[in-house]
Amino acid sequence: MKYLNVFIQNNISRIDDLYTYMAHDEVDVEVGMRVQVPFGKGNRNKIGIVLSIEREKKSEYKIKEIIEVLDYKPIIDEDLIELGFWMKNKYLTKYNQSFAPLLPPGDIKTIQRIANIKSDYTFLDSEVEFAEELVKNKYNLKFVDSNENFKLIVKKLIREEVLTISFKVDTVGGTKSQKAIKLRKDYLNTMSESKIKLSEKQLIVIEYLQKKGTVLKSELLQNLKISDSPVKTLENKNLIETIDKEIERNPYENVDEFKINVLNEEQVKAFRGILNSNKKVSLLHGLTGSGKTEVYLKLAEEAIRKNEQVIVLVPEIGLTPQMIDRFKGRFGESVSVLHSKLSQGERYDQWQKVKNGEVSVVVGARSAVFAPFDNLKLIIIDEEHDSSYKFHNALRYDTIEVAKKRMEMESGKVVLGSATPDINSYYRAQEGEYDLFELKKRAVIGAKLPNVQIVDMRNELIKGNTSIFSESLRGLISEKLERREQIILFLNRRGFSNFVSCRACGHVIKCDNCDISMTYHKNTNMLRCHYCGSTKKMVTRCPECGSKFIKQFGVGTQKVEEEVKKIFPNAKVLRMDKDTTVKKKSYDEIYKRVKDREVDVLIGTQMLAKGLDFENVTLVGVIAADLSLYISDYRANETTFDLLTQVSGRAGRSSRGGDVVIQSYNPENYSIIYASNADYLNFYKRELEVRREFNYPPFSKLVNIYFSSEDNSKIENLANRVLFEIGREISGFKVEYTRLIQTPRIKNIYKYKFTLKVDPNFIDKLTDIIKGVLIKNRKEINKSNIYVDVEFV
DNA sequence: AGCACGCCGACT
DNA sequence: GTCGGCGTGCTC
């Protein structure tokens with residue numbers, strides 16, 4: 001007997017576990033194959049995936065036997081499963097959280113096994129029945145399941161390398177197919193043997209098919225401008241045949257070819273450097289417009305030449321038509337695109353193509369890091385500083401760490417690219433862990449750097465201007481409108497929180513211990529630090545200058561839109577934010593409208609910061625740089641620097657040069673000043689010092705542990721016990737921790753958290769300790785219906 | 001989640 | 001006795 005540890009997919013945390021089943025030794029089963037098993041008291045049929053196989057019985061439970069093995073070849077490679085276990089351990093997630101992203105999209109039940117038979121193989125007499133069924137079922141092996149003899153034949157043919165398996169995912173409710181026409185193999189014989197005469201139309205059809213091979217019937221009729229009767233006649237004459245062809249739901253059709261440009265000296269240096277680097281990770285630091293994408297394309301081209309495969313990760317928001325067009329245009333059909341706005345069917349198609357080896361490049365958002373390639377040697381992560389790659393509520397892994405791990409397993413390389421690298425990444429490059437390559441020249445010849453000015457909004461208040469536009473921004477807006485040039489007004493609201501600031505002097509109330517802005521809570525009239533939980537009473541006068549202009553800071557896109565319409569009634573204004581941009585379509589539409597100059601002023605949030613290049617935009621106004629400067633997060637300065645640098649780049653796309661106006665109540669803040677000069681290096685140096693002083697990453701690693709439940713009575717006790725037990729275990733290590741703090745209740749779920757700050761070298765040790773404590777309290781946690789989430793920042 | 005078990009009251 | 005309504009607890 002052998003023992004299979006089976007993962008049965010579900011979202012219910014209480015049964016999220018591996019279940020052990022027996023199988024006889026002679027059963028052919030491998031890790032990654034699907035098995036049918038009896039589950040629960042009623043022995044319901046469930047389909048699970050084998051994640052590991054053991055010789056010995058380890059479990060104390062009464063073990064059931066599997067019903068059937070459903071695959072002849074794993075649907076997930078062993079490497080990916082190993083990666084799943086690694087994630088589970090590193091991030092202390094549920095099985096579902098770590099393994100679901102590795103699974104094919106949709107229900108694993110719907111994966112069909114399609115046989116491909118070597119063309120020169122002649123079936124034996126004993127296999128004729130099988131062969132007939134095979135053709136009848138269009139090579140779908142489903143018919144095999146009920147016949148033991150057929151199963152043996154399949155296995156034998158696989159062993160003899162006559163039969164290979166590819167996977168097909170059916171859309172729920174059946175696949176869409178269309179009628180297609182092709183010439184019968186023996187059409188020439190048929191024609192000469194029966195001396196068939198062809199009419200004019202029939203001849204056209206035959207010629208067309210000779211040229212094109214298999215064609216959709218609808219296409220044929222349309223292109224040749226004929227009715228279907230000649231086609232029918234040809235079919236009756238046994239010259240052509242109709243087959244069902246599946247519609248490929250290709251979301252990106254007719255992309256213009258994108259030729260690779262000749263690389264400049266810097267780009268060549270980076271390309272060669274990355275190729276020859278002996279380090280696992282290379283960091284490509286390139287200014288906006290310096291042509292990082294060209295380097296990516298060249299690297300991908302090189303990999304394809306060697307029959308290797310490549311994953312290119314792009315932030316969801318940066319996965320613009322432009323980016324996709326460049327890869328599609330360069331590599332055509334060998335590129336698959338994965339992102340959150342694909343329909344279920346499109347997703348199936350893309351997975352299938354990757355799994356069956358039909359493509360070599362995947363361009364996609366974070367979860368594409370799990371694309372099921374089997375000879376993956378390169379993962380490129382563009383805009384690597386972007387927060388979408390990091391730990392998320394639902395997506396519990398750090399994309400860069402996972403990419404590094406995957407490439408470590410496959411001995412491949414990771415390339416991180418950014419104009420504003422993550423402080424952590426740049427630090428690692430400085431420390432020699434990564435190789436660093438810089439692109440400093442603008443690749444587009446003639447493009448000028450924009451003229452950036454910072455406006456002190458405190459002076460505007462003194463001058464009596466209480467509007468959201470400074471005189472200078474207002475002046476420039478009207479100037480550009482007159483010249484029929486376009487304007488972007490930007491609100492950097494990412495992670496916006498209710499900080500309190502003084503409009504007279506710019507002072508912001510921060511936590512005394514953490515250097516993080518405090519948040520105003522209206523119901524208690526208190527200020528509070530989201531990191532350590534300490535509170536202060538809300539102030540009525542500024543503790544710095546005594547002014548009473550101290551209050552919650554806030555401005556939204558709607559407000560900006562109203563103001564613009566009031567002051568410039570003739571301007572055509574378009575607002576772009578989460579409310580107005582929900583679908584892929586509307587994003588493309590907004591893009592098109594701006595491109596076609598149907599819009600004078602585009603107002604938006606960080607969605608605007610990336611990927612949108614408009615020639616005619618010559619003014620970017622940042623309404624209040626302070627918005628992102630005071631989010632309750634140690635990365636506030638970095639986020640601000642990144643956003644301001646990127647949005648400023650939007651004005652520098654044309655040869656006319658452009659203007660950028662950054663409005664702020666804290667114009668002396670270093671992230672604003674360095675961003676205005678696009679001076680990454682000095683920003684990095686300064687920010688690193690701040691991080692060192694307050695012991696934030698890269699000098700530490702943060703771990704948040706959340707406890708949530710609908711029932712408030714037990715959480716606090718249990719969370720405090722977990723905190724106490726962890727505290728006891730870590731005495732002797734360099735770990736700081738906050739006390740337990742309650743976070744705002746959302747949808748009737750009470751939530752508490754505490755944060756641990758640990759020396760990065762001890763993170764694995766600390767993870768083990770947390771794991772141990774959670775396992776120890778597991779019964780209690782389950783019984784009280786408390787959810788525990790561990791977040792690594 | 002989904003199923004069976006078992007405890008209890010109501011009914012034959 | 002025994003039927004069924006619903007709370008409880010487990011799933012290899």
Side-chain angles (χ1 to χ4, degrees), chain A residues 1-71 74-76 78 81-82 84-85 87-89 92-111 172-173 344 393-394 396 707-715 717-718 747-749 771-772 774-789:
Chain A
M1 280 293 178
K2 44 192 173 186
Y3 299 90
L4 318 178
N5 293 316
V6 177
F7 168 61
I8 297 166
Q9 196 181 4
N10 54 54
N11 296 317
I12 309 123
S13 80
R14 316 190 55 175
I15 53 172
D16 182 280
D17 211 339
L18 295 189
Y19 294 86
T20 309
Y21 288 88
M22 302 188 282
H24 285 278
D25 283 327
E26 63 272 18
V27 172
D28 288 313
V29 58
E30 289 170 40
V31 164
M33 287 181 177
R34 289 171 296 168
V35 286
Q36 196 171 25
V37 294
F39 187 75
K41 288 212 171 113
N43 281 340
R44 286 161 284 146
N45 264 351
K46 286 265 175 183
I47 291 178
I49 291 184
V50 178
L51 294 190
S52 67
I53 301 177
E54 282 157 15
R55 302 253 109 231
E56 306 284 310
K57 176 178 171 176
K58 281 189 188 157
S59 176
E60 296 299 307
Y61 292 95
K62 42 194 181 347
I63 294 177
K64 295 178 187 172
E65 197 175 339
I66 62 163
I67 298 167
E68 195 171 11
V69 179
L70 297 174
D71 285 306
I75 60 163
I76 319 176
E78 208 166 354
I81 290 175
E82 194 187 326
F85 278 117
M87 288 198 290
K88 168 101 177 42
N89 256 318
L92 303 180
T93 61
K94 309 271 180 233
Y95 281 96
N96 195 45
Q97 289 168 325
S98 283
F99 285 92
L102 309 175
L103 298 181
D107 191 339
I108 56 169
K109 262 184 247 160
T110 63
I111 297 175
V172 184
Q344 189 72 346
N393 303 351
R396 329 217 103 244
F707 301 81
S708 52
S709 173
E710 279 180 42
D711 177 5
N712 197 16
S713 63
K714 290 172 189 147
I715 322 179
N717 251 335
L718 188 111
K747 286 185 199 160
N748 273 332
I749 307 262
K771 190 179 172 183
L774 290 182
I775 287 174
K776 205 179 134 197
N777 290 287
R778 189 175 163 176
K779 271 219 169 108
E780 189 74 20
I781 291 169
N782 273 342
K783 219 174 88 186
S784 323
N785 260 324
I786 293 171
Y787 292 86
V788 183
D789 274 324

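Since the model is a prediction, treat every value here as computed from it, not as a measurement. Lettering of chains follows the sequences in order, A, B, ..., and the numbering in each one begins at 1.
- The interatomic distance linking Arg14(A) (CZ) with dC3(B) (P) rounds to 17 Å, in whole Å.
- Looking at heavy-atom distances under 4.0 Å, Ile15(A) makes contact with a base.
- Atoms NZ (Lys41(A)) and P (dC10(C)) sit 8 Å apart, rounded to a whole Å.
- Rounded to whole angstrom, the span from the CG atom of Leu18(A) across to the P atom of dT11(C) amounts to 15 Å.
- Atom CD1 in Ile8(A) sits about 7 Å away from atom P in dC12(C), given to the nearest Å.
- Between Asn96(A) atom CG and dA1(B) atom C1' there is a gap of 13 Å when expressed in whole angstrom units.
- Across all strands, Lys64(A) comes closer than 4.0 Å only to sugar-phosphate atoms, never to a base (heavy-atom distances).
- Contacts of Phe39(A) with the nucleic acid, taken as non-hydrogen atoms under 4.0 Å apart, include base atoms.
- Formation of a donor-acceptor pair under 3.5 Å by the Arg396(A) side chain with backbone atoms of Gln97(A) is not found in this model.
- Between the C1' atom of dC10(C) and the OH atom of Tyr19(A) lies a distance of 9 Å, rounded to the nearest Å.
- For Glu54(A) and dC12(C), the CD to P distance is 17 Å, given to the nearest whole Å.
- A cation-pi arrangement is not found for Lys88(A) relative to Phe99(A), the charged atom failing to lie both closer than 6.0 Å to the ring centre and inside a 45° cone about the ring normal.
- Summarising the geometry, the separation between CG on Asn43(A) and P on dG2(B) is reported as 16 Å, rounded to the nearest angstrom.
- A donor-acceptor pair is defined here as one N or O able to donate and one able to accept, closer than 3.5 Å; no such pair exists between the side chain of Asn43(A) and the backbone of Pro38(A).
- Using a 4.5 Å heavy-atom threshold, the side chains of Glu54(A) and Asn5(A) count as touching.
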